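Just so it is clear, the model here is predicted, and its values are computed rather than measured. Order of appearance sets the numbers: ligands from 1, and atoms from 1 within every ligand. Worth knowing before you read on, the calculation uses all heavy atoms, side chains too, and leaves out hydrogens, waters and symmetry mates.
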Amino acid sequence: MEDVRRVVKEFLNLPMEEKMKRPMKFEPYHPTGYGRTFDISEDTILDWVDALINYISPPALKDPEYWPDKPAAYRETIEAYGAEVIKLEKTMLGILSKSLGLDFSHLEEAFGGDEAQVVLRVNHYPRCQQPDLVMGLSPHSDGSAITVLLHDEVEGLQVKKDGLWWTVKPIPGALIVNMGDMMQLVSNGRFTSMEHRAVVRSDTERISIVVFYAPTVSAFLGPIAPKGTQQNTAIYKPIKYGDYLATYMNKELQGKDRINSLLI
Ligand SMILES: O=C(O)CCC(=O)C(=O)O
Ligand SMILES: [Fe+2]
């Protein structure tokens with residue numbers, strides 16, 4: 001994990017011209033590269049973050065040209081980390097599957113098996129003179145199934161619980177695991193995705209390194225009944241994951257509005 005943090009930091013410390021060699025490319029559903037992400041309209045307050053996005057899997061979405069070639073160890077280190085995180089995420093999916101009364105591999109298959117999208121997102125929140133006026137990342141829940149976040153030692157991630165924002169204390173050597181909206185959907189609300197945001201600071205920059213495990217865009221997902229039973233009352237409408245992702249381009253939606261919009 002130290003190596004991952006080191007190569008990411010080395011990349012972010014490069015001159016802007018070098019980083020901008022792979023400017024964010026807005027492929028439908030698959031942004032990749034370095035730059036600003038969701039801020040497409042001019043009248044909204046910008047999130048104070050630059051992001052580097054690289055697809056780890058499936059191979060067809062990897063777009064190696066958009067992986068930094070500096071520092072030299074970036075690709076190899078991120079590949080190795082990505083492979084380990086995928087193993088961890090699949091194990092967690094298996095355990096969650098079982099706890100929903102499904103076979104171990106059920107959710108992994110429902111999300112597309114080897115076609116599932118595993119995406120690395122580096123968030124870089126520079127120092128900000130007026131941290132009270134901007135957000136690093138606005139309140140949201142992740143659209144993914146599961147998210148694994150590698151922190152640095154700087155506080156900034158906050159989660160919403162009982163209507164209040166709580167700051168997550170970074171623990172050295174620990175990963176943070178977040179449930180995404182797709183787990184809330186397939187579990188018919190038994191699991192809930194975590195609403196969270198990132199705040200910025202005037203004294204120091206902050207970096208987070210996130211790996212999203214998300215369904216393939218063609219996966220059609222809705223509440224899944226436990227093995228051998230019928231779904232009693234589905235509280236969510238099913239949706240194609242690609243259509244769900246498209247709602248992330250809509251700045252109007254806040255917090256958990258996206259998943260709530262699927263409530264029947
Ligand atoms: O920087 C953080 O701690 C949060 C990042 C995050 O929520 C995201 O990338 O979806
Ligand atoms: Fe997030």
S.K.: Distance to the ring centre below 6.0 angstrom and angle to the axis at most 45 degrees; does that hold for Arg197 and Trp165?
M.R.: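 Verdict for Trp165: a cation-pi partner in Arg197.
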
S.K.: State plainly whether the residues Lys70 and Glu18 are in salt-bridge range, i.e. N to O under 4.0 Å.
M.R.: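 Glu18 and Lys70: salt-bridged.
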
S.K.: Output the list of atoms in ligand 1 that are nearer than 4.0 Å to some heavy atom of Asn123, sorted by atom number.
M.R.: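 Once the distances to Asn123 are compared, the set is 1 (O), 5 (C), 8 (C), 9 (O).
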
S.K.: With the threshold set at 4.0 Å, does a side-chain nitrogen-carboxylate oxygen contact exist between Lys227 and Asp103?
M.R.: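 Salt bridge between Lys227 and Asp103, a charged N being under 4.0 Å from a carboxylate O: yes.
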
S.K.: Under 6.0 Å between ring centres, would you say that holds for Phe111 and Tyr241?
M.R.: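 Distance test on ring centres: not under 6.0 Å, no.
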
S.K.: State yes or no: do Ile224 and Leu263 share one hydrophobic cluster built from I, L, V, M, F, W and Y residues joined by side-chain heavy-atom distances below 4.5 Å, directly or via other members?
M.R.: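 Linked, Ile224 and Leu263 end up in one cluster.
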
S.K.: Classify the ring geometry of Trp67 against Tyr74: parallel below 30°, tilted from 30° to 60°, perpendicular beyond 60°.
M.R.: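 Ring orientation, 0 to 90° scale: perpendicular.
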
S.K.: So that I can tick it off, tell me whether Asp69 and Arg22 are bridged by a salt bridge, with the cut-off set at under 4.0 angstrom between side-chain N and carboxylate O.
M.R.: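 Yes.
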
S.K.: Report the part of His140 in contact with ligand 1, treating N, CA, C, O as backbone and CB onward as side chain, heavy atoms under 4.0 Å; options are side chain, backbone, both, neither.
M.R.: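 The answer is the side chain.
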
S.K.: Heavy atom under 4.0 Å from ligand 1: found in Asn178's side chain, backbone, both, or neither?
M.R.: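 Answer for Asn178: neither.
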
S.K.: Counting from 1, what ligand 1 atoms have a heavy atom of Arg121 closer than 4.0 Å?
M.R.: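 Atoms satisfying the 4.0 Å criterion: 9 (O).
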
S.K.: Give the numbers and elements of all ligand 1 atoms closer than 4.0 Å to a heavy atom of Arg206.
M.R.: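 Result: 1 (O), 2 (C), 3 (O).
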
S.K.: Counting from 1, what ligand 1 atoms have a heavy atom of Leu157 closer than 4.0 Å?
M.R.: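 Reading through ligand 1 atom by atom, the close ones are 3 (O), 4 (C).
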
S.K.: When you look at CG of Asp203, are more than 12 heavy atoms from neighbouring residues, nucleotides or ligands closer to it than 6.0 Å?
M.R.: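 More than 12 heavy atoms, drawn from other residues, nucleotides or ligands, come within 6.0 Å of this atom.
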
S.K.: Does Arg197 have a non-hydrogen atom less than 4.0 Å from ligand 1?
M.R.: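 It does not, in that no heavy atom of Arg197 comes within the 4.0 Å cut-off of ligand 1.
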
S.K.: Between Lys90 and Glu108, does any NZ, NE, NH1 or NH2 come within less than 4.0 Å of an OD or OE carboxylate oxygen?
M.R.: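 Counted as a salt bridge, because a side-chain N and a carboxylate O are separated by less than 4.0 Å.
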
S.K.: Heavy-atom count check: over 12 atoms from other residues, nucleotides or ligands less than 6.0 Å from Ile264 CD1?
M.R.: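 Counting other residues, nucleotides and ligands, CD1 of Ile264 exceeds 12 neighbours.
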
S.K.: Is it the case that one hydrophobic cluster holds both Tyr213 and Phe220, taking links as side-chain heavy atoms less than 4.5 Å apart, direct or via other members?
M.R.: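 Different clusters.
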
S.K.: Show your reasoning for whether side-chain contact (heavy atoms from CB on, under 4.5 Å) applies to Val211 and Val119.
M.R.: CA-CA 5 Å; Val211 180; Val119 188; over 6 Å; no

S.K.: For the Fe ion (ligand 2), check which protein N, O or S atoms are under 2.8 Å away and list them.
M.R.: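 As for protein N, O or S atoms lying under 2.8 Å from the Fe ion (ligand 2), they are His140 NE2, Asp142 OD1, His196 NE2.
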
S.K.: Distance under 4.0 Å to a non-hydrogen atom of Phe212: what atoms of ligand 1 satisfy this?
M.R.: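 Answer for ligand 1: 8 (C), 9 (O), 10 (O).
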
S.K.: Suppose I only count heavy atoms of Tyr125 and a 4.0 Å limit; which atoms of ligand 1 are within that range?
M.R.: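 Answer, ordered by atom number: 1 (O), 2 (C), 4 (C), 5 (C).
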
S.K.: Within ligand 1, which atoms have a heavy atom of Leu137 less than 4.0 Å away?
M.R.: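 Contacts of ligand 1 toward Leu137, numbered from 1: 5 (C), 6 (C), 7 (O), 8 (C), 9 (O).
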
S.K.: Can you tell which part of Asp142 has a heavy atom less than 4.0 Å from ligand 1: side chain, backbone, both or neither?
M.R.: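 The answer is the side chain.
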
S.K.: With a heavy-atom distance limit of 4.0 Å, tell me whether His151 approaches ligand 1 through its side chain, its backbone, both, or neither.
M.R.: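 For His151, no heavy atom sits under 4.0 Å from ligand 1.
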
